[in-house]
Amino acid sequence: MKSLGVTPVAISVDSPEESRDLMGKAHYTFTFLSDPNTETIKRYGILHKGEGMHGRDIARPAEFLLDRSGTVRWVNLTEDIRVRARPEQVIDAAKTLR
Amino acid sequence: MRKRNWPLWSGLLLVLLSFVSYLFLFSRWPVTRDVPWVNYLLFAVAAALIVGGVRRAQRKVVPAIVAVFGFGLIAFFLFVVLVASKNVPASADAPKVGQKAPQFTLLDTNRKPVALSQLVVAAPKGVLLIFYRGYW
């Protein structure tokens with residue numbers, strides 16, 4: 001990702017502390033942002049109602065590639081929560097960025 | 001002396017192995033995750049072993065319980081993979097290619113607010129937003 005000039009940012013309803021635990025365990029070094037009241041998730045139209053623990057609302061998995069003007073250049077909305085974007089797909093999309 | 005019913009018990013073991021191996025192993029790679037063909041194969045062999053085990057058993061009570069459990073676990077796996085995980089809401093309102101991404105400011109893991117506008121400007125070429133379900 002770095003060599004492609006793309007900054008990855010992960011977003012979920014997890015609290016900053018929970019995300020920090022995950023980063024530590026999985027050795028992730030990129031930015032994790034916390035959207036506990038799903039405000040941003042709703043703004044992106046990807047709320048999955050009542051799917052979390054205790055019927056909590058969460059995000060459905062989704063990836064958006066933005067260019068430096070903040071315009072969406074590539075979107076992946078999966079139809080199956082087990083199936084996520086493959087690295088090759090993201091790399092191909094990132095190569096089209098200028 | 002009664003002989004151990006090895007097909008029955010190895011079938012049961014294989015069902016359990018297949019189930020656990022998806023969670024901890026095969027879900028790691030897209031090739032074995034998206035269509036869990038390795039697990040389908042393992043389940044098929046396990047099912048054949050259990051059926052064989054039930055057939056050769058003289059007393060059928062324990063084999064029947066093993067079969068119900070084994071086939072129950074296979075059915076549960078198939079349900080999760082083929083039905084439950086495809087239960088994703090439509091996202092008609094999600095920003096489309098060519099549209100501006102909605103602005104946001106959220107806390108990072110150091111509780112420092114981070115705005116999308118900042119991220120986009122700081123990035124050499126672009127930003128990849130990865131929304132995930134979280135670990136709640």
T109(B) and S34(A), any side-chain heavy atoms less than 4.5 Å apart
no
Region of T78(A) that comes under 4.5 Å of a non-hydrogen atom in chain B:
backbone
Is the closest side-chain heavy-atom distance between W74(A) and L128(B) below 4.5 Å?
yes
Just wondering, more than 12 heavy atoms not from W6(B) lying within 6.0 Å of its CH2?
no
With a sphere of 6.0 Å drawn around OH of Y28(A), does it hold more than 12 non-hydrogen atoms of other residues, nucleotides or ligands?
no
Based on non-hydrogen pairs under 4.5 Å, which of R84(A), R98(A), M23(A) is most in contact with chain B?
R84(A)
For E88(A), does the CD atom have more than 12 heavy-atom neighbours from other residues, nucleotides or ligands under 6.0 Å away?
yes
Polar side-chain atom of Y44(A) near backbone of P102(B) as donor-acceptor pair, under 3.5 Å
yes
Check the hydrophobic clustering (I, L, V, M, F, W, Y; side-chain heavy atoms under 4.5 Å; chains of links allowed) and say if F26(B) and L17(B) are grouped together.
no
When clusters are formed by joining ILVMFWY residues with side-chain heavy atoms under 4.5 Å apart, either directly or through shared neighbours, do V54(B) and V68(B) land in the same one?
no
Among D93(B), V81(B), N87(B), V35(B), the residue with the most heavy-atom pairs under 4.5 Å to chain A is V81(B)
ILVMFWY cluster, W9(B) and I65(B) together (side-chain gap under 4.5 Å)
no
Where D14(A) and G134(B) come nearest, the two heavy atoms and their spacing
OD2-CA, 3.5 Å
Given heavy-atom pairs under 4.5 angstrom as the criterion, report whether the side chain, backbone, both or neither of I46(A) touches chain B.
both
Judged by modelled atom types alone, do S12(A) and R133(B) share a side-chain donor-acceptor pair under 3.5 Å?
no
Could you tell me the separation between the CD1 atom of I81(A) and the OG atom of S85(B), rounded to the nearest 0.5 Å?
5.5 Å
Given the rule in the side-chain contact (heavy atoms from CB on, under 4.5 Å) test, do I58(A) and Y132(B) qualify, once you have shown the distances and angles that lead to the verdict?
CA-CA 8 Å; I58(A) 58 172; Y132(B) 66 107; over 6 Å; no
Might you confirm whether atom CD of Q103(B) has over 12 heavy atoms from other residues, nucleotides or ligands at distances under 6.0 Å?
yes
Using the rule side-chain contact (heavy atoms from CB on, under 4.5 Å), only one of I130(B), V120(B), L106(B), L129(B) pairs with V9(A); which is it?
L129(B)
Before giving the answer on salt bridge (charged side-chain N to carboxylate O under 4.0 Å, His left out), spell out for K86(B) and E79(A) the whole-Å C-alpha distance, their side-chain angles and the decisive distance to 0.1 Å.
CA-CA 6 Å; K86(B) 293 193 167 70; E79(A) 295 304 319; over 6 Å; no
So does P89(B) get a backbone contact from the side chain of K49(A), meaning a donor-acceptor N/O pair under 3.5 Å?
no
Within the distance-only criterion (no hydrogens, no angle test), does the side chain of R33(B) pair as donor or acceptor with the backbone N or O of R82(A) below 3.5 angstrom?
yes
Are F131(B) and D35(A) side-chain neighbours, meaning at least one heavy-atom pair lies under 4.5 Å?
no
Are F104(B) and R43(A) side-chain neighbours, meaning at least one heavy-atom pair lies under 4.5 Å?
yes
What about L25(B) and V80(B), same hydrophobic cluster or not, with Ile/Leu/Val/Met/Phe/Trp/Tyr joined at side-chain heavy-atom distances under 4.5 Å?
yes
For the student: nearest non-hydrogen atoms of S91(B) and G45(A), plus distance
CB-O, 3.4 Å
Comparing Q99(B), K112(B), K125(B) against chain A, the one with the most heavy-atom pairs below 4.5 Å turns out to be K125(B)
Any side-chain to backbone donor/acceptor pair from R20(A) onto N110(B)? Under 3.5 Å, distance only.
no
Given that the side chain runs from C-beta out, which part of E17(A) has a heavy atom under 4.5 Å from chain B: side chain, backbone, both or neither?
side chain
How about CZ on R56(B), more than 12 heavy atoms from neighbouring residues, nucleotides or ligands closer than 6.0 Å, or not?
yes
Test side-chain contact (heavy atoms from CB on, under 4.5 Å) on L116(B) and L66(A) and set out the steps.
CA-CA 10 Å; L116(B) 178 63; L66(A) 319 181; 3.8 Å; yes
With heavy-atom distances below 4.5 Å as the criterion, would you say the side chains of L33(A) and L107(B) are in contact?
no
Within one Ile-Leu-Val-Met-Phe-Trp-Tyr cluster: V51(B) and L41(B), side-chain cutoff 4.5 Å
yes
Specify which of N76(A), L22(A), T31(A) makes the most heavy-atom pairs with chain B at under 4.5 Å.
L22(A)
Quick one: does V97(B)'s side chain get under 4.5 Å of V75(A)'s, heavy atoms only?
yes
Quick check against the 3.5 Å criterion: does R68(A) have a side-chain atom that pairs as donor or acceptor with the backbone of A123(B)?
yes
What are the two closest non-hydrogen atoms of S69(A) and K100(B), and how far apart are they?
O-NZ, 3.0 Å
